[in-house]
Structures are given as C-alpha cells and as structure tokens.
Amino acid sequence: MHNGSGLIIENAGKTFRAGGRDPRVALEGVSLHLPPGRVGVLLGPSGCGKSTLLRMVAGLEEPTTGALSLNGRPVTGPGRDRGMVFQSYTSFPWLTVRQNVAYGLKITGDSSSLREGAVEHFIQAVRLEDVADAYPHELSGGMRQRVAIARTLANHPELLLMDEPFGALDPETRWQMQELLLGIVRKERTTVLLVSHDIEEALYLGDVVFFLSSHPGRLREVIRPDFKKEVPAGDREALLDHPQYRRLDMHIRRLMSEEGTTRASPVAEAADRG
Amino acid sequence: MTASLRDSITTGDAPARPPAPALKRRWLDFGQHLDWRRRVLLGLTGWLLFVFGWYLAAHAGLASERLFPGPVAVMRALTDLFVEQGFLGDVLSSIRRILISFSLAVAIALPLGLLMGAFARIDGLLNPLLGAFRYLPAPAFIPLLLMWLGTGDSQKIALLLIGVVFFLAIMLADVTRQVPAAFIETAKTLGGGRRVVLWTVVFRHSLPGYLDTCRQMLAVSWTYLVIAEIVAATDGIGAMMMRAKRFVHVDDIMAGIVTIGLLGLAFDALFRLVYRWRFPYLRGEHQR
C-alpha cells in the first residue's frame, strides 16, 4: 500500500503577513518524519503553530519555506490521500449518516469501494449502525465526530489528519473516542497525524510525539513513548500506572511550563519597569 | 398516586398537602415555543381583531359607506368581481406576471449570488456594481421601459425584474457566504475539486437560505406588481383597481387589496411547505 517513505516535512516555515502589520512568524524550520502505519501527535502550547503545520500537510495552507511530501509525492494542495477531521462538527447536516460516510467515495467516483461495502464497514467500525439513517442534528457531539472519522477513513486516505478532534467533547466521551480511534487505527494500519494540547491524549494515542515550542513554532523535541510496548495495547490504566509514563508526563509538563514562562516574560518585564 | 387522589377526594376537610412548587408561568415570556394549534389560533385571533376593528371603524359614521366600506361590503364586492366581472382573469394575469418575472430574476440572481458568495474575486467585481443598482428606484425606469418595450406585458415584467433582481443577487450572495469554512475544507480533503465543492457543499448548504430569501423577495415583487399594473394596463389586479377608482368603487379597490394580501399569504404558505418538505433536517431548528 505504501512505498515506505511516509510523511516527510523539511524545514517548513510559515509567516503570516496581514496587510500593514508586522509579519508574524507562526512556524520556523520544522523538519520531521512520520513513517507509514504510525500515529504521530503534534503537541504544544497554544500559539505553537501545530494547527498551521497540520493544515500545511493537508494542503490547505501554503508553507512560506520548506517542502512537504507524502510517500514520495510533494504536497501541492488538498487531496484525497490526506483526509482531515476537524474539531468543529463537519458532518453535512443535509445528508444522513450513511450518505455522509459515502460522500468522499461518491464525489471521487470510487464505485469499487462503494460496491465492496466500505461505507457499511466503517459505519460498523465507529459503531453507528443503529443511527445510519439519522441526520447529524439528531446525534450527540461524539457521534457526529465518529461520522466524520468514518467518512474520512472510508475514503482510504494514506494519511489521516486530525485537528484536536475530541477537543469539544466531555472527558468521558473523549476517552471512549480515543479508545475507538486507537482500535480502528491499529486494525486498519492507518497513518495518523493528530494535533493535541492534551498530554494524556498525546501519550495514549501517539507512537511518536512531536513537541513544538511557541513564538515562533519550532520542533523542540521528538518523544517516543517506546515503553508502551510493555503495556497491553489500549489499556489506559496500565499505561497511566507505568513509571515511564509518569516520567514522560512530568517531562512534558515541564516543557509546557517553560513555554508558558517564555511567553509571559514581556509582561514580567513590563511589571519590573512599572 | 391513586390512593392519595382518593384520600383528597373523600376527606375533603383534611389539610391539603402543600402543592409542589411550580415554576411561575407567564403568558408572555422569552424563548417560548408554540405548537401549530396555538399558532393557528393566535393567527386567526389577530385576523378577527383586525376585521372587527375595521367593521367598527366603518360603521361608526366617520366617513360615508361609499368612501370607507366595511368588511361585509368588501366581501360582497369581491364575490361580485369574481362571479360577474371576470376578475379571475385579472388575478391570473397578475400571477402570471409575478411568476415569469420572478423566475427570470432567480435565473439571473442565483448564479450571480452563488459565484459572488463563493469567490471573493467575483464578489469584488460585481458587488459594487449591483450594490449601486440596488439603490435606483425601479419605478424611475417606467418612462424608459415604456419607450423601449411599449405598454405590453414585457414592460411590466421588466419593471418587476428590475425591482427585485439586484436585491436578490446580493441577498443570495450573503446566504452563500454563510457556509462554514470547515465544510469546504473537509470536502477538499476528501478529494473534491472546485466544481464538486461548489455544488455538493456550497450550493447544497445554501439551499434553505436561498428559498427563504426568495420567499421574502417575492413579497417585494407583489409591491411592484401594483405599480406596474397602474401604468397603462388593461388587465391585472392593479388595472382593475385603477378602473374602480374612476367610478369611485372603493369597495372594489379594497377587494383588490384583500386579494393581493390573500395571494401573498398563499405563496408564503407554499414556500413554507416546500421548506418543510425538502429540508427535514432543519425541522425544529428554524421555526419561521
């Protein structure tokens, strides 16, 4: 399925120039590699440009510098190979759950996937069989997000992009969704790049965590929670109990608070002067 | 439950249990929702109050019955118009003018509104132009249209078109702009090209809003109809009213006004029906 190269980001940078004002550097010199079949998490404080980076991979945002490629092909715009799930609910309100999940296959004319039952397969994978003919407004937030995930996966993307997909959900639902996602991703061997600001989510889902610093966004550290091989897959309690988890959690918290103090420094300086 | 009910019935003099504290209910409150029965009832009440007030005013002797007839006289005139004076033909001509001109207006304004709402460059090109035309009063075009198109139907249809089309295009563009960016971006990352996104997301998302805008602009169309039919027309509701004025048949004029009101109401109801039927997923979200 993949030719082995995965997602490669080289020296990506983004500078926003809003008319008249000083240009704002959102990202600078980010290089990273996500091998096929892995779950990568972009983690960092707000303002670190993690969403911008994800949107660049999706082809929705043009990089100011650098280059991105997926499985050897340069990213030149949005495409079916990089399906994206957003934080806001994007299931189309005028389509039923089943029609939503089939949408990508319909518009790309992928009749063979439609025939082979990709739609039903992924409706079952996200456990929405009972509401397949309901409209999104009849569903809860978690269910709507499952529709979006099934719709994207039914389209067979080479890379699944997720921008804080569970950020708007309550904690209980968020945990269930994370477990559901992890189960599907392991089974389908999907490559995932997910944006998060939640340390637990990052360590629970990620095979590799890219920690970005803010102002401007730079790749500060690549964290590989390899100890996860020692705990049963998807077992949250065993994971949280693992000494290595607690060590990494503390480490990332420290990184986060360092980012916080660097950002607060102008205020502190102003206070000193005053 | 039943036991306590029996108790309270048989032992009437027993001290009543303190009633469960109920929320204070008020006849007027914010955020109330009415079922359709109450809606119809209230709507009819409004109408009855209006007709009753009209009746009182007409029979209070403020003006002669000839200049200010009451509801009964106007209803009699209306029946008379339909039964003896072939008013149905006038009504049908007016409806035909409305339908032709409004269809033309939608055929022109919808593509413009869709493209303006979807693409900033097209909006930049057309919005200042249409925005200016919108401020020109359509009746000001009547002398021009009379010279260009004569006194026939095409002149009237052109006036109705001019009165509506610029507003319609700009309002439809506003509706189009309401599409959430995340919907468009989702469709793009699912492999949708520009044309696919335009039709399956932008247009489809806007459809209910388009219908609603058309419903509102159709009411404006009826306003221009009377103006169009007052000038050099031989048939139509407006023409009948001008004829009636010549003979001081005030009851006929009022019957014409009532007819337009009823037709407007009927078209409005038709739009609502289509809305409910075509957009079941919006039920409960938009109570208009």
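Residue numbers start from 1 in every chain, and the chains themselves are labelled A, B, ... in the order their sequence lines are given, proteins ahead of strands.
Taking all atoms of both residues into account, the shortest heavy-atom contact from B:V201 to A:W94 is O-CH2, 3.8 Å. In terms of heavy atoms, B:A182 sits closest to A:F86 at O-CE1, 4.0 Å. Counting all heavy atoms, side chain and backbone alike, B:V196 lies closest to A:I107 at CG1-CG2, 3.5 Å. Across all non-hydrogen atoms, the minimal contact from A:Y89 to B:F183 is O-CE1, 3.5 Å. The shortest non-hydrogen separation linking B:Y281 to A:H137 is O-CD2, 3.1 Å.
Surrounding CZ of A:R38 are at most 12 heavy atoms belonging to other residues, nucleotides or ligands under 6.0 Å away. Taking a 6.0 Å sphere around CD of A:E10, one finds it holds 12 or fewer heavy atoms contributed by other residues, nucleotides or ligands. Residue A:E62 places its CD atom among 12 or fewer non-hydrogen atoms of other residues, nucleotides or ligands, all under 6.0 Å distant. B:K188 NZ: 12 or fewer foreign heavy atoms inside a 6.0 Å radius. The neighbour count for A:F16 CZ, taken as heavy atoms of other residues, nucleotides or ligands under 6.0 Å away, is above 12. Dense packing is recorded around CZ of B:R134, with more than 12 heavy atoms of other residues, nucleotides or ligands lying under 6.0 Å away. Few gaps surround NE2 on A:H156; more than 12 heavy atoms of other groups in view lie less than 6.0 Å from it.
Annotation: the span from B:R204 atom CZ to A:F92 atom CZ amounts to 11.5 Å, rounded to 0.5 Å. Taken to the nearest 0.5 Å, the OG1 atom of B:T189 stands 11.5 Å off from the CZ atom of A:R80.
For the options A:G77, A:S88, A:G83, A:A134, heavy-atom pairs under 4.5 Å to chain B are most numerous at A:G83.
At a 4.5 Å heavy-atom cutoff, the contact between A:S91 and chain B is made by backbone atoms alone. Both the backbone and the side chain of A:T90 come within contact range of chain B, each with at least one heavy atom under 4.5 Å from a heavy atom of that chain.
Using modelled atom types and a 3.5 Å distance limit, the side chains of B:T200 and A:Y103 yield a donor-acceptor pair.
You'll find the side chain of A:R55 reaches within 4.5 Å of the side chain of B:E185, heavy atoms only.
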